[in-house]
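Chain A is the first sequence line, chain B the second, and so forth, proteins listed ahead of strands; every chain is numbered from 1. The structure presented is a predicted model; accordingly, all values stated were derived computationally and were not measured.
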Amino acid sequence: MVDPVTEPAVPPPTPATELSSPKEAVGGWLQTLRTGDIGSLPIIIGLILIVIVFQSLNPTFLNAFNLVNLCLQIAALGIMATGITLVLMLGEIDLSIGSVSGLAAAVLLVTHVNHGYAPLLAVLVAVLVGTLVGLIQGSIFAKIGVPSFIVTLAGLLIWQGVQLRVLGEQGTINLPPAGTLVRWAQFSFVPRWLAITLAALAPLLYLLLSLLTRRRRAAAELPVTPLWLPIAVAVILLVLLQLVVAKLYLDRGVPWTFVFMVLVVVFFDWLLRRTAYGRKIFAVGGNIEAARRAGINVDWIRISVFALCSTLAAVSGVVAAMRLGFANQQSGSGETLINAIAAAVIGGTSLFGGRTRRYAPLLGALVIGSIANGLELLSLSSDVRLIVTGTVLLAAVVIDALVQRSRTSHGR
Amino acid sequence: MVDPVTEPAVPPPTPATELSSPKEAVGGWLQTLRTGDIGSLPIIIGLILIVIVFQSLNPTFLNAFNLVNLCLQIAALGIMATGITLVLMLGEIDLSIGSVSGLAAAVLLVTHVNHGYAPLLAVLVAVLVGTLVGLIQGSIFAKIGVPSFIVTLAGLLIWQGVQLRVLGEQGTINLPPAGTLVRWAQFSFVPRWLAITLAALAPLLYLLLSLLTRRRRAAAELPVTPLWLPIAVAVILLVLLQLVVAKLYLDRGVPWTFVFMVLVVVFFDWLLRRTAYGRKIFAVGGNIEAARRAGINVDWIRISVFALCSTLAAVSGVVAAMRLGFANQQSGSGETLINAIAAAVIGGTSLFGGRTRRYAPLLGALVIGSIANGLELLSLSSDVRLIVTGTVLLAAVVIDALVQRSRTSHGR
Amino acid sequence: MRGVSKRFGAVQALSEVDLDVYAGEVVALVGDNGAGKSTLVKAICGVSPPDTGTVTFAGREVRVESPHAAQELGIATVFQDLALCDNLDVVNNLFLGRELRRGASLDEVEMERRSGKLLRELAARIPSVRLPVASLSGGQRQTVAISRSLLGDPKVVLLDEPTAALGVAQTAQVLNLIERLRDRGLGVVLISHNMVDVRAVADRVAVLRLGRNNGEFRIHEVTNEQIIAAITGATQNVVSERVARLREQSAGDDPLAAGSAEGGA
Amino acid sequence: MRGVSKRFGAVQALSEVDLDVYAGEVVALVGDNGAGKSTLVKAICGVSPPDTGTVTFAGREVRVESPHAAQELGIATVFQDLALCDNLDVVNNLFLGRELRRGASLDEVEMERRSGKLLRELAARIPSVRLPVASLSGGQRQTVAISRSLLGDPKVVLLDEPTAALGVAQTAQVLNLIERLRDRGLGVVLISHNMVDVRAVADRVAVLRLGRNNGEFRIHEVTNEQIIAAITGATQNVVSERVARLREQSAGDDPLAAGSAEGGA
Amino acid sequence: ESGNSGGSASGGKIALLLPESQTTRYEQHDRPLFEAKVKELCANCEIIYSNAQQDQSRQQQQAEAALNNGAQVLVLDPVDGAAAATIVSLAKSKNVPVISYDRLIQNAPVDYYISFDNERVGQLQGETLVNRLKELGKTSGDIVMINGSPTDNNAKLFNKGAHSALDTSGFKTVPTPDFFTPEWKPENAQKFMEGQIAQLGKDGFVGVYAANDGTAGGAISAMRAAGITPVPPTTGQDAELAAIQRIVGGDQYMTVYKAFKPEADKAAEVAVALLKGEKPSTDRTVNNGATEVPSFLLEPQSVTKDNVKQTVVADKLYTIEQICTSAYAAACKAAGLT
Ligand SMILES: Nc1ncnc2c1ncn2[C@@H]1O[C@H](COP(=O)(O)OP(=O)(O)OP(=O)(O)O)[C@@H](O)[C@H]1O
Ligand SMILES: Nc1ncnc2c1ncn2[C@@H]1O[C@H](COP(=O)(O)OP(=O)(O)OP(=O)(O)O)[C@@H](O)[C@H]1O
Ligand SMILES: [Mg+2]
Ligand SMILES: [Mg+2]
């Protein structure tokens with residue numbers, strides 16, 4: 001017998017990850033840009049273009065007051081987009097998130113205002129209602145096998161009906177204008193010193209973690225990224241964050257709701273990418289049969305994801321209601337749903353499941369929020385406004401699509 | 001060398017298609033019911049249950065006047081659902097169909113009423129506007145690679161803006177109440193003798209075609225279905241159609257718009273299943289890479305499907321405007337879009353592409369139309385109405401899902 | 001397993017099939033295309049439970065209703081259609097469903113290290129373990145699937161055409177590996193159309209034909225021609241006659257020469 | 001084709017590869033897993049055009065930018081990943097992109113008849129040609145893909161591991177078929193890891209290694225060991241030395257015995 | 001505390017925030033009329049305009065944008081009067097006065113209120129309908145009631161006013177509970193009406209209360225298609241051109257005309273005055289839950305075939321040519337509109 005295997009461990013033909021000098025690394029990065037995975041860069045470019053255009057059309061766009069408003073405006077959207085991102089990762093859809101957010105708002109107001117629940121308790125009840133809704137919808141989808149589109153379409157109608165019922169005769173319920181909830185959502189800003197500290201700590205933390213991982217990898221004799229890369233990223237991040245913070249504190253500062261939204265986005269990004277649970281979501285979205293055969297409890301993943309999505313929708317509804325200072329029959333209706341999905345998709349989440357970019361909900365919410373905010377400053381009539389909104393939205397994504405297209409000529 | 005192939009052509013291990021006696025065939029059919037492809041039967045059962053429930057709640061549901069109304073009500077929905085079915089077959093989505101239908105309605109009214117175009121010319125212009133919209137959206141999707149969700153979301157906004165612009169100052173435009181268009185959509189019914197003849201000819205035609213195919217298959221020595229099957233189907237169809245026609249002519253009769261809708265559904269069913277073009281749509285929706293490798297011009301299929309979808313949306317908008325007697329800024333807004341998609345999905349079209357059942361848009365439109373119509377008769381308050389609509393919708397699909405689930409324990 | 005049957009619509013994929021697998025033994029399961037081999041594997045490992053029939057594992061009768069249950073029992077499987085998540089990279093596919101953790105989050109470093117080691121053992125030529133499997137070649141994907149099945153601590157390994165897409169070096173490694181598994185006392189079921197591979201490692205050969213058992217042989221007591229006859233449909237009678245006749249001659253044919261039967265044409 | 005290169009991100013799949021295919025000749029393309037064989041096939045048939053390099057077809061330099069263009073030229077391909085539409089049945093997959101018509105609509109009867117005929121020629125065991133391919137076994141799918149490539153009237157046929165999942169009978173039929181194609185004057189490229197199959201039908205063997213040409217041999221002038229050495233990475237020098245040395249001995253090794261090299265272990 | 005005009009009487013920024021564009025009045029009438037009047041009173045004044053498309057949170061965003069753009073007076077027509085208090089408090093924090101336009105902002109320190117009374121609108125519709133029915137010699141019977149959107153608070157106010165007129169009239173409203181038209185869509189009203197005809201029979205009702213012209217149009221199409229001629233008296237609101245044509249043609253009985261011009265003019269006057277630091281006086285106040293708001297209240301008018309000429313034509317809302325297109329020429333002649 002001839003044993004043809006005489007070579008020892010075969011080194012990979014082209015060592016791609018190990019790059020030693022900055023010059024080579026930049027070359028590699030440009031190469032990646034041309035042919036490889038370029039992540040969220042195109043949509044960030046799109047965002048920058050939007051900012052430039054609106055700023056040139058109306059110089060108030062970038063003033064501190066407006067930027068603070070923008071932060072306040074996208075908090076609820078970003079939270080809801082985070083939830084729907086999870087569902088989209090499965091290749092499914094949840095049409096009920098708007099209704100659920102409206103229902104949660106109604107529950108919050110009724111329990112807090114009409115029944116006198118303490119603010120936190122009322123918030124908790126409202127959010128749990130969302131969780132319950134998600135569990136129900138997820139179970140019908142996963143266990144009975146009704147397409148998620150239909151389950152959540154039924155949910156869209158049903159929860160809106162329940163919302164009307166909960167609000168009852170009154171229709172609109174106002175939060176106490178000086179109450180905790182309104183104060184928190186409308187008038188609470190991070191103290192300046194804290195904001196500056198946080199904006200300094202975040203990049204440092206990133207750097208620290210990168211270096212630790214790098215050490216562990218080196219110890220395990222795995223290829224490592226060059227040292228300068230995390231340092232460069234951390235420095236850029238530091239400068240950017242400090243600039244933004246400085247700007248925002250010309251006005252009221254960084255709203256807590258915005259910080260909360262960013263934390264939600266970051267947490268779920270971590271959950272998706274760094275935990276076994278998130279890995280399973282990727283797997284189910286990528287190839288459900290492979291996931292099932294790997295022993296993953298697919299039903300449970302599906303149910304829990306729908307529950308998380310609805311929970312986040314409820315949180316979003318609560319945040320929106322606190323910011324508006326009221327809830328009514330229209331809370332959560334209209335474009336709430338489509339904006340959330342659009343934010344997730346613009347941020348780079350695939351509707352076919354299994355693919356999303358880092359911080360997609362945040363980037364998408366920024367794009368959608370900026371467009372809406374910028375257009376408000378331009379005093380357009382309704383017809384022109386609609387046309388411009390659509391066009392800008394498309395333009396923001398075209399850059400991304402063009403880059404993708406040049407990158408790969410086939411496949412989704 | 002040993003050539004192990006000594007057997008001649010291997011007969012299939014279990015001959016499943018050739019069944020000689022009715023008894024065996026029924027057995028086979030029951031077998032199919034349990035484990036195989038059962039097509040639209042569950043949703044028909046769901047429909048029948050809906051009818052029974054509404055009829056028992058309010059006996060006016062099945063009276064002739066209401067059935068004629070139902071026919072009138074679902075014409076526009078069925079046409080739009082046919083269009084979106086094509087797009088869903090590709091695994092894509094078109095969110096702009098509502099706006100396009102509204103735009104077409106606006107164009108129809110403005111050209112016909114304000115600019116005095118002849119009725120047919122105005123209809124033609126309105127429909128061509130839809131085609132143009134579809135070509136634009138399809139090209140941006142197929143050629144640039146922007147996800148269809150985003151392209152058509154932009155379209156949803158843009159065309160609604162254009163619709164407002166087209167309607168201009170006036171906002172609402174009336175069709176001449178005694179004009180051709182209103183007369184055709186509201187007061188034109190198939191003459192009784194013609195309806196009876198058509199309802200007799202259709203099953204006969206089906207029988208004839210089945211028998212011809214059967215003869216050709218027998219001549220080519222292919223397995224054939226038993227003779228009694230098409231005969232039985234034709235007889236059942238004949239009796240059913242004659243009953244329905246008889247019932248409808250207790251009131252005004254069969255509306256031409258309904259006949260038109262049915263013809264559209266049947267034509268596109270034929271296009272999808274019996275032509276090379278339709279086969280290519282199936283292929284692109286099933287496995288786009290396989291389709292591309294088979295030399296199919298995928299871009300062209302995509303663009304043409306989006307064009308067809310928008311064209312049908314425009315036709316639907318025209319039909320809806322003629323039936324309503326006017327168009328305003330709200331034409332095509334709101335639930336128009338979601339109802340059309342829901343009809344397609346309920347009828348058995350998969351959102352993942354490549355799969356739809358026969359006459360899905362018609363069956364789906366019947367389910368959605370019946371629920372809406374039945375609820376109108378029940379005098380419910382708004383909140384209860386929403387909850388009941390959602391619940392009934394879900395219930396109608398649960399049967400289908402349960403059957404599917406018992407049929408196959410894995411895979412989509 | 002005893003009397004396993006499975007029906008898909010009009011197709012009766014398995015009828016009353018029996019199969020025994022003992023620890024420390026390699027059973028080759030052979031049969032023509034569409035004979036039901038993969039269906040049998042899927043029935044054993046819980047992916048699509050059979051309509052009828054029982055599975056006895058380590059003396060107890062068990063119901064394997066899900067792949068998870070099979071995993072718990074210690075049944076690892078390489079599927080013919082591989083079943084990898086295209087959107088995940090090699091490391092993640094290898095550890096899917098049994099990720100290593102460090103606190104709440106994943107221990108990517110350790111997983112990557114082990115993946116590299118495992119793949120090197122199989123002489124896999126994979127440019128980087130961080131590539132998504134969508135971009136791997138057919139053989140690379142197959143190597144990943146095989147490695148996956150070895151990661152847990154299985155008692156029985158089912159391999160559905162594991163070497164179909166592998167290069168010569170990789171095939172040799174996989175055959176080595178199968179022998180190592182057997183020596184460690186695992187039960188191995190090997191499905192293959194390659195008689196050379198089958199002869200190289202199998203102790204016993206079970207033949208399926210049109211969804212039915214069609215003979216079972218000790219590998220040393222049978223020639224390739226006999227197996228092929230059983231596969232392609234010589235009647236049971238003829239085969240048993242020949243087996244009886246050949247048994248008298250004992251170690252008859254030269255297995256190497258018989259290997260060429262497969263060379264066809 | 002000359003100097004074909006293709007890069008995927010960080011992976012250089014092909015560098016400056018040359019390959020000639022003549023009419024009436026079977027070229028076996030062999031190489032380790034991930035050597036770039038499938039990538040080369042996809043480059044030739046327009047599925048993923050190469051970054052650099054030229055393709056000369058029937059004396060003219062051509063650009064094959066799409067599978068459609070390749071079809072027009074008469075290049076038919078069986079892909080390793082098969083690329084069938086799971087939602088369509090066997091008949092429709094066979095005739096995809098070249099449906100037969102009767103007036104405006106499809107001629108289902110004729111397509112079904114021809115499908116049955118074609119599949120019987122390949123000794124395919126498929127329960128019904130009206131089953132969706134999703135429900136076929138691995139080998140059945142492969143048979144469908146091979147049949148597909150024969151339906152047009154190709155001038156060159158590229159077969160990427162066509163026999164990987166096939167049973168012994170089907171493999172033999174496919175090898176027969178390849179010989180018939182050669183005899184009809186077609187050019188055939190056969191990719192395979194199975195040296196027995198390669199020896200059985202190929203006239204010439206081209207070896208790829210890590211995306212580069214690594215030797216080309218007439219099949220009768222080379223032993224399996226030599227080919228395997230070229231595949232797994234003996235340097236070009238060593239191989240040529242051995243080739244020179246063995247040529248003197250002329251028809252050296254017994255190919256059948258060499259076939260067992262592949263039996264590993 | 002209301003008027004920090006920031007000085008310059010010769011210029012300034014006024015924000016006009018309107019609630020929706022689904023009915024014609026806001027974009028087609030209120031906005032141009034208001035802008036024209038402001039320009040007339042103050043040539044250098046700039047107007048920031050926004051339309052909230054029925055979305056209260058968007059309106060809040062628009063208010064923020066307007067304040068960001070330097071608006072010194074907010075003329076706010078809230079999507080939801082009960083919910084707009086947040087905007088007022090935001091404006092107050094920037095010392096910007098707020099005029100509650102057309103709809104009352106509740107529970108907030110609003111500076112002025114200029115409007116028609118929405119409950120009064122519903123009442124007017126009800127009264128006119130009852131009067132017409134009595135004219136036709138009917139004293140009892142069912143009136144099909146088609147209300148506005150279930151998620152629109154104004155729809156509730158119209159409904160309340162209508163009930164105040166109908167409930168005591170001897171007629172009975174059907175169905176119970178009240179039907180609210182999803183999204184105000186004419187198609188939904190049409191379907192509902194068809195169901196009611198199926199239920200009650202073609203002559204099972206004596207009149208139709210429709211909350212606005214869109215829903216009236218849908219209901220009338222349903223009745224005509226069912227062959228009900230003549231169509232029983234049907235109400236409407238907004239004085240859309242299409243409705244005026246139907247009134248002339250005899251299909252719709254009445255619509256409510258809120259003379260937008262005096263309303264818009266008044267709002268412009270008050271806004272410019274506030275900009276200049278003046279405080280226009282009025283003797284009427286409306287209690288909005290927080291304060292007694294100084295108010296200018298205008299009377300809605302009911303338009304029927306008899307007074308088309310004296311109202312919408314006289315106010316130059318529409319010309320006779322616009323109304324009397326070829327399809328309506330004969331009817332116009334009969335109605336004396338030439
Ligand atoms: N999901 C399914 N639905 C319907 N029929 C199926 C399904 N899976 C398998 N079959 C049928 O069952 C039979 C056995 O298939 P199986 O995959 O077990 O064959 P196999 O022995 O593995 O063949 P191969 O050697 O080609 O892999 C085939 O005829 C196939 O068509
Ligand atoms: N779409 C792609 N993206 C990135 N890398 C790819 C892609 N396709 C192939 N590769 C890489 O190119 C190399 C060659 O792949 P190819 O499929 O041509 O190998 P092969 O010779 O066919 O191997 P096998 O014998 O295993 O089928 C592999 O290392 C593979 O990882
Ligand atoms: Mg198999
Ligand atoms: Mg390959």
Q | E:Lys185 to B:Ser333 - nearest heavy-atom pair and separation | A | NZ-O, 2.8 Å
Q. Does atom CG of B:Leu250 have more than 12 heavy-atom neighbours from other groups under 6.0 Å away?
A. yes
Q: Name the region of B:Asp383, side chain, backbone, both or neither, that has any atom closer than 4.5 Å to a heavy atom of chain E.
A: neither
**Q.** Least distance between heavy atoms, B:Glu376 atom then E:Asn188 atom
**A.** OE2-O, 4.4 Å
Q.
Between B:Leu164 and E:Glu27, is there a side-chain heavy-atom distance shorter than 4.5 Å?
A. no
Q) What pair of heavy atoms forms the shortest contact from B:Thr60 to E:Ala198, and how long is it? A) CG2-O, 3.4 Å
Q) Which atom names give the shortest non-hydrogen contact between B:Leu324 and E:Gln190, and what distance separates them? A) CD1-OE1, 3.3 Å
Q | Which atoms of E:Ala222 approach chain B - backbone, side chain, both or neither, heavy atom under 4.5 Å | A | neither
Q. E:Gln199 and B:Leu377: which non-hydrogen atoms are nearest, and at how many Å?
A. NE2-O, 3.0 Å
Q) Any donor-acceptor pair under 3.5 Å linking the side chain of E:Arg224 with the backbone of B:Gly325? A) no
Q) For E:Ser326, is it the side chain, the backbone, both, or neither that has a heavy atom closer than 4.5 Å to a heavy atom of chain B? A) neither
Q) Which heavy atom of B:Gln330 sits nearest a heavy atom of E:Pro186, and at what distance? A) OE1-CD, 3.6 Å
Q) Is atom NZ of E:Lys202 surrounded by more than 12 heavy atoms (other residues, nucleotides or ligands) closer than 6.0 Å? A) yes
Q: Against chain E, label B:Leu378 side chain, backbone, both or neither, depending on which of its atoms sit under 4.5 Å from a heavy atom there.
A: neither
Q | Residue part contacting chain E, namely of B:Ser379, when any heavy atom lies under 4.5 Å | A | both
Q. Can you tell if the side chain of E:Phe179 reaches within under 4.5 Å of the side chain of B:Arg385, non-hydrogen atoms only?
A. yes
Q) So does E:Glu194 pair up with B:Arg323, basic N to acidic O under 4.0 Å? A) yes
(Q) Heavy-atom cut-off 4.5 Å, strictly under: side chain, backbone, both or neither for E:Ile197 against chain B? (A) both
Q. Measuring heavy-atom distances to chain B, does E:Tyr318 have an atom under 4.5 Å in its side chain, in its backbone, in both, or in neither?
A. neither
Q | Residue B:Leu175 versus chain E: region with a heavy atom under 4.5 Å | A | backbone
Q: With a 4.5 angstrom heavy-atom cut-off, could you sort out which part of B:Asn114 is near chain E: side chain, backbone, both or neither?
A: neither
Q.
Out of E:Gly195, E:Pro175, E:Pro177, E:Ala327, return the one with the most heavy atom pairs under 4.5 angstrom to chain B.
A. E:Pro177
Q: Using a 4.5 Å cut-off on heavy atoms from C-beta on, say whether the side chain of E:Glu187 contacts that of B:Thr336.
A: no
Q: Using non-hydrogen atoms and a 4.5 Å limit, figure out which bit of B:Pro59 sits close to chain E: side chain, backbone, both or neither.
A: neither
Q: Decide yes or no for E:Gln245 and B:Phe326: does some side-chain heavy atom of the first lie under 4.5 Å from some side-chain heavy atom of the second?
A: no
Q: Not counting sequence neighbours, list each pair that qualifies as a side chain to side chain donor-acceptor pair (under 3.5 Å) and has a residue in residues 364-374 of chain B.
A: B:Asn66-B:Asn373, B:Gln73-B:Asn373
Q. Taking everything shown except B:Tyr117 itself, do over 12 heavy atoms lie less than 6.0 Å from its OH?
A. no
